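First the structure, in the form of structure tokens, and then the observations on it.
All of these numbers come straight from a predicted model, not from anything done at the bench. If you read the sequence from its start, that first residue is 1, and numbering goes on from there.
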Amino acid sequence: MAVSKELLQMDLYALLGIEEKAADKEVKKAYRQKALSCHPDKNPDNPRAAELFHQLSQALEVLTDAAARAAYDKVRKAKKQAAERTQKLDEKRKKVKLDLEARERQAQAQGSEDEEENQSTRTLEQEIARLREEGSRQLQEQQKLILEQIRQDREQRLRGKVEDTEGTPKLKLKWKCKKEDESQGGYSKDVLLRLLQKYGEVLNLVLSSKKTGTAVVEFATVKAAELAVQNEVGLVDNPLKVSWLEGQPQGMAGSSRPGLSKGSVLSERDYESLVMMRLRQAAERQQLAAQMLQEDAGQPT
């Protein structure tokens, strides 16, 4: 496979961020660090990432093969020397030089330096073509390590997600429901979600398939679970009992929904606020029940 012209114009050492005298071990390490961030598997929607990954792979192939690296260094050195010579010329002399070189090219009077550079370029092309035909063992090994690193990163993220949910608060829900009751006592999953989501984010809600009238809800925060335990009473004609299953904060054991017993510390204003909140909840439940009846009857809401 012919080498791309773009590769011949690159500084492969700068592309990998290494010194010209870097050993193979340093070349491989730099390749892994650069290629891991732009691997196509991690950037499926970024064509530039795939292009950069391909360039890094070419650099690894060339710089870890002794013959190809020697040919590349020779071309690179010649280009660097030519650039330094050109830079030293002032603008007038540079124009004269460029005009002279153009006339020389037209007359096909190539100098020895041009011929040497062309020969070095051809040698580099041959070495890279050889690497393409033989396959690069170095590239395959490094890409295998990158894929393994990506797999480990994914597993670690998945483990982290599982660990994050282990400490989330869970509540047990109970209500009256006969086994043959298809309406589940008025508590479908959608109804329970509507009642509970006003306290905070619900991560999961599971109705028991073995014991009717029971369910487990998992909240994202302890605060949301506390509000649900303290305030939710369910439907008017079939109250809902909410209790802690997991994640109850210390000091809350035996706590119940707030009331007005003799030992209550609620002020008159607190009591009024609590009554208003309960009235709003009752109105919401009545509206929800009416909406469900209309939906069951096929009437528009």
Side-chain angles (χ1 to χ4, degrees), residues 42 150-177 183-261 263-292 295 301:
K42 296 184 71 175
I150 292 174
R151 184 188 65 79
Q152 292 178 1
D153 291 345
R154 287 174 178 169
E155 291 181 354
Q156 186 174 0
R157 287 196 298 271
L158 289 174
R159 287 196 298 269
K161 289 181 180 179
V162 173
E163 291 172 357
D164 288 343
T165 60
E166 287 180 352
T168 54
K170 300 176 183 63
L171 305 180
K172 184 176 181 180
L173 312 176
K174 293 185 66 176
W175 64 91
K176 293 181 180 180
C177 180
S183 68
Q184 304 180 76
Y187 290 101
S188 65
K189 186 172 183 178
D190 289 339
V191 171
L192 290 171
L193 284 173
R194 292 177 192 175
L195 292 174
L196 297 171
Q197 284 176 338
K198 60 178 175 285
Y199 301 110
E201 181 183 359
V202 174
L203 298 179
N204 198 10
L205 176 65
V206 179
L207 277 72
S208 175
S209 59
K210 297 182 179 179
K211 188 175 181 180
T212 57
T214 60
V216 174
V217 60
E218 179 183 14
F219 279 98
T221 64
V222 174
K223 183 62 177 178
E226 290 178 355
L227 291 173
V229 171
Q230 294 171 1
N231 299 298
E232 188 54 52
V233 295
L235 302 176
V236 176
D237 55 349
N238 191 0
L240 187 67
K241 182 179 180 181
V242 184
S243 60
W244 285 95
L245 187 62
E246 293 181 13
Q248 181 178 7
Q250 294 183 357
M252 289 191 63
S255 65
S256 60
R257 298 189 179 101
L260 288 176
S261 61
S264 174
V265 295
L266 290 175
S267 66
E268 183 176 353
R269 179 173 298 178
D270 292 332
Y271 173 69
E272 292 175 354
S273 298
L274 180 60
V275 170
M276 292 299 296
M277 182 181 68
R278 291 289 173 82
L279 289 174
R280 285 195 299 271
Q281 289 178 345
E284 289 176 2
R285 288 191 290 271
Q286 290 177 354
Q287 183 179 1
L288 179 60
Q291 181 180 350
M292 291 175 59
E295 291 174 354
T301 58

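Taken to the nearest 0.5 Å, the OG1 atom of Thr168 stands 7.5 Å off from the CD atom of Glu246. Here the CD-CG distance, from Glu232 to Leu195, works out to 5.0 Å after rounding to the nearest 0.5 Å. We find the NZ-OG1 distance between Lys172 and Thr214 to be 6.5 Å, quoted to the nearest 0.5 Å. Here the CD-NZ distance, from Gln248 to Lys170, works out to 14.0 Å after rounding to the nearest 0.5 Å.
Between the Lys241 side chain and the Pro239 main chain, no donor and acceptor come within less than 3.5 Å of each other. Using a distance-only test at 3.5 Å, with no hydrogens or angles considered, a donor-acceptor pair links the side chain of Trp175 to the main chain of Gln184.
The two atoms that bring Gly185 and Leu235 nearest to each other are O-CD1, 4.4 Å, heavy atoms only. Of all heavy-atom pairs spanning Phe219 and Gly200, the tightest one is CE2-O, 4.1 Å. The minimum heavy-atom distance between Leu205 and Lys189, with the atom names listed, is O-CE, 3.3 Å. Scanning both residues, Pro249 and Val222, for their nearest heavy atoms gives CG-CG1, 3.2 Å.
In this structure, the side chains of Leu203 and Glu201 come closer than 4.5 Å at one or more pairs of heavy atoms. Counting heavy atoms from C-beta on, the side chains of Leu192 and Leu173 come closer than 4.5 Å. Within the 4.5 Å cutoff, no side-chain heavy atoms of Leu207 are placed close to those of Tyr187.
Taking a 6.0 Å sphere around NZ of Lys176, one finds it holds 12 or fewer heavy atoms contributed by other residues, nucleotides or ligands.
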